Amino acid sequence: MISDPSTKTILVVDDDQDFREQLKLPLTAAGFNVVEAPGQAEAEQILQTLRPDLAILDLMMENMDAGFVLGYHIKKKDPTIPVIMITAVTSETGLEFESGRTGPSWIKADAILAKPIRFEQLRREIARLLKD
Amino acid sequence: MKTLRVLVVDDELGMRLAVTRVLRGHSISLPELDIDINFDVDQAGTGEEGLEKIQAGPPDILLLDHKLPGMSGLDVLNQISDKQYDLQTIMITAYASLETAIVATKRGAFDFLAKPFIPEELKAAVRKAAKHLLLQRQARQLAEEKRQVRFQFISVLAHELKAPLGAIEGYLYLMRDQSLGSDIAAYGKVTERCLIRLDGMRKMILDLLDLTRLESGQKKRELGPVDLIEVARMSIETVQPTAAPRGIAIDLSADGDFHLVGDRGELEIVLNNLVSNAVKYNRDGGRVDVKLARDNGALVIKVADTGIGMTPEESAKLFGEFVRIKNKQTRDIMGSGLGLSIVKKIAQLYHGDVSVASELGIGSTFTVILRPEQDPPGSGQQEA
């Protein structure tokens, strides 16, 4: 488990207000410091001054590839920042991911989770990725 | 210029050559379809050869002799009638027997040409067949387009209804898993958002019902005298609870009498949509001006806001079904994307229309023009 969540900042990027809320609420309740962005552009802006300890990105935002591109940018900037991709899997992408696995190598993610998100699972992934 | 392919099936070489000579270089014009047509003529000396040619690539118009050696014209018709080729058949008969005509028509022949015929008769028959063929194709194409629009509508609708379900599902999981702890007080925002998304879903379903009723024409319009000022006042009152906390002032100006003969429910839908949009897409502390006016007997409703406005490209597609302008400002505003398409349909019921003038970042003004067929009793003379 993470020794002190309050020292950890998580960036949450999703264009759907409710999905952001569904990540932010439990993460905040678990003690994390959450920064949210409704889109790729806003996230890039935030990343100029902030280095999050972990990023959770929706794969499909306003542009089909916004999540991919953002994940790629984060990794390019700092490969040590863990990235979790959230996706509505097959119904939207046509790609089949095994939950929790990293998927095809061209997706820059340390974990891929399918909607609907179960917080316990997310928390486990975060704990695994933030193990210090 | 469109070229139609004609196939002449006749055992008499003279007849085949004559038809070819008449139609080659002949062109017709169908102004009702806005099209000019010429012909490309192919020929076959037997039914068997004709059938082979049809199977290889069906012509648009088939000139088919009834009496052929071997396979008869009727046999050929029989063979091709199952295949549902997109062609029109003109039977050529040496003796116009009623019986043959009935059988041939049953098997799909469109017209008859009795031998001997003069070039003008041939041209007239071919013209009639060409027109019928093209009209039929046009009708089919329209039906197909309508089908596609319908499919698209259903697919977007399904997607729009799925979105709130997904959101609510996520919140319910948070509750069931007690992801915010065991204190119910921690879930205030969760239940609030569920209710908001459910409300959005309900509005969409109600809009959808309005739209279906309008389109099917099943709902009887209840025409009677309606005071548009009163309808506008009610719409304004309805949105006050959302407008007031955001400091949005709504003003109504109406000089004169605005009674008309109409369906009150329809007019409420129009004003509710326009006024609630003007609040929804406004800035905090903004204004909404609702103005009723008369112009040459038409009633004009203008609803102006000081909101986010739109680009000309966005304005242009605004009145279609499920059109929602998606950008940073509208991202968190909910709507079915059906409201304005409903307003447009209703305006058209009153021989009117709806339009928008908008400037990005400044605001939008929606104008609805209604031309009710009759004036309510005793109010016509009050027109300004």
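Keep in mind the model is a prediction, meaning the values are calculated, not measured.
- When the heavy atoms of residues 236-250 of chain B are compared with those of chain A, none of the residues falls under 4.5 Å.
- The shortest side-chain heavy-atom distance between A:Q22 and B:Y173 does not fall under the 4.5 Å cut-off.
- Contact check on B:R193 versus A:E21 returns no salt bridge, with no Lys/Arg side-chain nitrogen under 4.0 Å from an Asp/Glu carboxylate oxygen.
- The stretch residues 163-172 of chain B participates, sequence neighbours left out, in no salt bridge (Lys or Arg N to Asp or Glu O under 4.0 Å) pair at all.
- Atoms OG and CD1, on B:S179 and A:I117 in that order, are 11.5 Å from each other to the nearest 0.5 Å.
- Atom NZ of A:K24 is surrounded by 12 or fewer heavy atoms from other residues, nucleotides or ligands within 6.0 Å.
- Summarising the geometry, atom CZ belonging to B:R197 is positioned 4.5 Å from atom CG belonging to A:D18; distances are rounded to the nearest 0.5 Å.
- Residue contact with chain A, scored on non-hydrogen atoms closer than 4.5 Å, involves the backbone and the side chain of B:L180 alike.
- B:L165 pairs by the side-chain contact (heavy atoms from CB on, under 4.5 Å) definition with B:M201, not counting sequence neighbours.
- Other residues, nucleotides and ligands place more than 12 heavy atoms under 6.0 Å from the CD atom of B:E145.
- Evaluation of the salt bridge (Lys or Arg N to Asp or Glu O under 4.0 Å) rule for B:R233 yields no partner, not counting sequence neighbours.
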Requested in this report: Tell me, with the steps shown, if B:D177 and A:E120 meet side chain to side chain contact (heavy atoms under 4.5 Å, CB included).
Outcome: CA-CA 8 Å; B:D177 300 345; A:E120 267 318 302; 5.7 Å; no

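- In the displayed structure, B:K302 atom NZ is contacted under 6.0 Å by at most 12 heavy atoms of other residues, nucleotides or ligands.
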